[in-house]
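Proteins get letters first, then strands, A, B, ... in listed order; numbering begins at 1 in each. These numbers come from the heavy atoms of this one structure, side chains and all, not from hydrogens, waters or symmetry mates.
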There are 2 protein chains.
Amino acid sequence: MTVRRKSAGSDAAASGKASTINDIARLSGVSKKTVSRIINDSPLVRKDTRDRVEAVMREVGYSPDPMARGLAFRKSFLIGMVYDNPTAQYIVNMQYGALDALRDSGFELVVHPCDSRSPGYIDGVRRFAQQQKLHGVMLVPRASEDQALADMLADIDCRYTRIASVAMDEPSRMVVTHDRNGAAEVADYLLGLGHTDIALITGPQAYRSAIERTQGFIEAMASKGVQVPKARVVEAGYTFESGVAAAEKLLFGKQRPTAIFCGNDEMAAGVYKVAMRAGIAIPRQLSVIGFDDSPLASRLWPSLTSVRRHTRDTGRIAAAMLIQPEAAVALSAASIRPHLIIRDSAQPPE
Amino acid sequence: MTVRRKSAGSDAAASGKASTINDIARLSGVSKKTVSRIINDSPLVRKDTRDRVEAVMREVGYSPDPMARGLAFRKSFLIGMVYDNPTAQYIVNMQYGALDALRDSGFELVVHPCDSRSPGYIDGVRRFAQQQKLHGVMLVPRASEDQALADMLADIDCRYTRIASVAMDEPSRMVVTHDRNGAAEVADYLLGLGHTDIALITGPQAYRSAIERTQGFIEAMASKGVQVPKARVVEAGYTFESGVAAAEKLLFGKQRPTAIFCGNDEMAAGVYKVAMRAGIAIPRQLSVIGFDDSPLASRLWPSLTSVRRHTRDTGRIAAAMLIQPEAAVALSAASIRPHLIIRDSAQPPE
DNA sequence: CTGAAAGCGCTTACAG
DNA sequence: CTGAAAGCGCTTACAG
């Protein structure tokens, strides 16, 4: 037999209405201002007062209304995530990471995909940020690389963090993913296997990540004394189809490279398709390496060696910097470095 | 030479503050209540008054503050999307669809992934809905199949829509995806190619979609006079790894089926891996068909014939039903039926 | 069809 | 350390 405990909040609960700051003030015998101080973690409250009020809050299950708070603060408790990256897994991981940081913080995540090639997109983000009085915005590549976007946000006093492969703003606003390091690791790995004739299929050089991955690879090779000839570098579009087209150029020329490093997994899948169709065995006759460590990497056959990015961590840090600015420096200093996941798509050249 | 036009809103603009309903009322010489009526599309406003006020709004770029409106309405302008589906592309498409419906509506999308197997998850959704005073919630499979979740939302008077493969709630709350039809189409297709010994790798039967796809297939076969023996049906977990395990059971038995229908593309990729490794040629020696038409389908080699779901449309309709209840019936009547996308992974049996 | 008053649930600015 | 008053930008309930 259970005894139904009569809680101090049963009036509000019974009437079906959520309790407000006034209820808490009345029930704990303090002014609403004191309750407000407690909600906002003000140090100007005596410990026993705080304890008493917090007990009441717990008992009635009080949580402050974000809209009322937002109205008074002139700022909402919403974090916007702005992105135009077409890769689903990347977006979802970034969202999960942001939500990791936002969990139990009172902030919520509002998603805002956009098309950074369309002319009005900056205005769209501005309306979004201003109308919702966003607490902050996470800028995900490639949108994060658009200086005009960042300038607009600074202009309307909307705080933001930028995720990018290289620093391009104040440290307190940057989460740097160091794509260059991942590409260098690929170069070292392939050189270590004995490859010297390695081709590159790069992403569009209008993307900073593509530049970083390309340069990181080429420089790491150079540092070991191996030059990558221009003809071995084919620029593609980060898409499967563009990977197919690039592979066709590379695999049916006079001399076939013994390995191909692709700027992402999508394009590596394109190389797989061309190689399979042409009867070129991976990895025996051709080593292939991707970038992203997307789900695709382990589902392809043979499974694809690829560079893992810590996308979820990246998202978590970018969001945390928005809601805990004081921790920003420590967080941004935390190095998120990609690293190689070795699977079955590379071996020493024949 | 451009003449800078002095707009009626230049005072507010110059002071850097967004204009409010009071500014609009003052500038157009009406009461704020009339402005409010116009914001809320009330018919109780004379047309010329409305036109005049709307002109002022446009001129100063006014848009009402959602937090102030929400506070007064006791309801926010946020739509929650609750899901526990691990497939990234599905989630992202669903989000895009919802955003299609929400665009320029004043509503925003707040994402809320959860784990429907964890005990406290319903409480988590409740807190989310109550604290944010959500305008409505979209329930995505498999969370949408949890009656206790739907009951809780009804209990707290939070409107919701459920996306599922079969109706399990009032029509005004359902978006039905008819997975059964897609599976039946696969059966017809494989029978048409001449297959009779077809195996199934199904999703977990705790998922309604898995039941629907399995039953849809088996019944369509039966209607053409072909029985599917029990031993030809292997239950797996909708994951790549579970697909691998199931394929190993099916492909190395006494008699190999000539075709396998997989409950999703992930598991089909698992079949590919096992077949490739064992030197079983797809589609010559084994036809394989998936479900989802995920990006994976076209990236595998040979490209995978699969059932396309109209996920983005589904998301759009589910969101539209929340913000335009009057259109709900018409929308839910709109049939979203999956259909087969034929690629290269099936051919007549040898 | 239009408006003045009161209120939504908080915080800021000021006072003590 | 604590509180009474005014205000954030809207809408509801009531009146005309």
Problem set entry | Backbone of B:K32 reached by a side-chain donor or acceptor of B:S36 within 3.5 Å | no

Exercise. Over how many whole Å does the gap from A:K133 atom NZ to D:dC10 atom C1' extend?
Worked result: 10 Å

Exercise. Contact class for A:P43 vs. all strands (heavy atom < 4.0 Å): base, sugar-phosphate, or nothing?
Worked result: sugar-phosphate

For this session: For the pair B:R37 (side chain) and B:L44 (backbone), establish whether a donor and an acceptor sit closer than 3.5 Å, ignoring hydrogens and angles.
Result: no

Seminar exercise, completed: Side-chain contact check for B:R69: nearest option of D:dC1, D:dC10, C:dT2 is D:dC10

Exercise. To the nearest Å, how far apart are A:D23 CG and C:dC10 C1'?
Worked result: 13 Å

Problem set entry | Distance-only donor-acceptor test, B:R74 side-chain atoms vs D:dT11 base atoms, 3.5 Å | no

For this session: Start with the C-alpha distance between A:L27 and A:M57, add both sets of side-chain angles, then the distance that settles side-chain contact (heavy atoms from CB on, under 4.5 Å), and finish with yes or no.
Result: CA-CA 9 Å; A:L27 290 168; A:M57 287 179 170; over 6 Å; no

Exercise. Whole-Å distance between D:dG7 P and A:F73 CZ?
Worked result: 19 Å

Problem set entry | Atom-to-atom span, NZ of A:K75 to C1' of D:dG7 - whole angstrom | 18 Å

Seminar exercise, completed: Whichever of B:T34 and A:T20 has the more 5' nearest nucleotide on DNA chain C, that residue is B:T34

Problem set entry | Sugar-phosphate, base or nothing in reach of A:F77, heavy atoms under 4.0 Å | nothing

For this session: Determine the contact category for A:N40: base if any of its heavy atoms lies under 4.0 Å from a base atom, sugar-phosphate if only primed atoms, P, OP1 or OP2 are that close, otherwise nothing.
Result: sugar-phosphate

For this session: With pairs defined as Watson-Crick or G-U wobble and both distances under 3.5 angstrom, please note down DNA chain D as a dot-bracket string, | for pairing with another strand.
Result: |||.||||||||.|||

Problem set entry | Separation of atom CD1 in B:I24 from atom C1' in D:dT11, rounded to whole Å | 17 Å

Exercise. Do the side-chain N or O atoms of B:T49 get closer than 4.0 angstrom to the phosphate oxygens (OP1, OP2) of C:dC1?
Worked result: no

Exercise. To the nearest Å, how far apart are A:L71 CG and D:dG7 P?
Worked result: 14 Å

Seminar exercise, completed: Rounded to whole Å, CG of B:L44 lies from P of D:dT12 at a distance of 13 Å

For this session: Evaluate the ring planes of A:F107 and A:F77, with Trp represented by its six-membered ring, and classify them as parallel (under 30°), tilted (30 to 60°) or perpendicular (over 60°).
Result: tilted

Problem set entry | Given DNA chain C, 5'-ward residue of the pair B:R50 and B:A72, judged by closest heavy atom | B:R50

Exercise. From the list D:dC10, C:dT11, C:dG9, which nucleotide is the closest neighbour of the side chain of B:A68?
Worked result: D:dC10

Exercise. Step by step, would you call B:V30 with B:V53 a side-chain contact (heavy atoms from CB on, under 4.5 Å)?
Worked result: CA-CA 8 Å; B:V30 298; B:V53 176; 4.0 Å; yes

Problem set entry | Quiz item: B:R37 side-chain donor-acceptor pair to C:dT2 base, under 3.5 Å | yes

Exercise. Looking only at atom types and distance, does a side-chain atom of B:D84 sit under 3.5 Å from a main-chain N or O of B:R142, one as donor and one as acceptor?
Worked result: yes

Seminar exercise, completed: Side-chain atoms of A:S36 come closest, of C:dG3, C:dT2, C:dT11, to C:dT11

Exercise. Rounding to a whole Å, what distance do you find between A:K33:NZ and C:dA15:P?
Worked result: 16 Å

Problem set entry | Lys/Arg-Asp/Glu bridge criterion (N-O < 4.0 Å) met for A:R127, A:D123 | no

Exercise. Are the side chain of A:T161 and the backbone N or O of A:A318 linked by a donor-acceptor pair below 3.5 Å?
Worked result: yes

Exercise. With respect to the side chain of A:R46, which nucleotide from C:dC10, D:dC1, C:dT2 is positioned closest?
Worked result: D:dC1

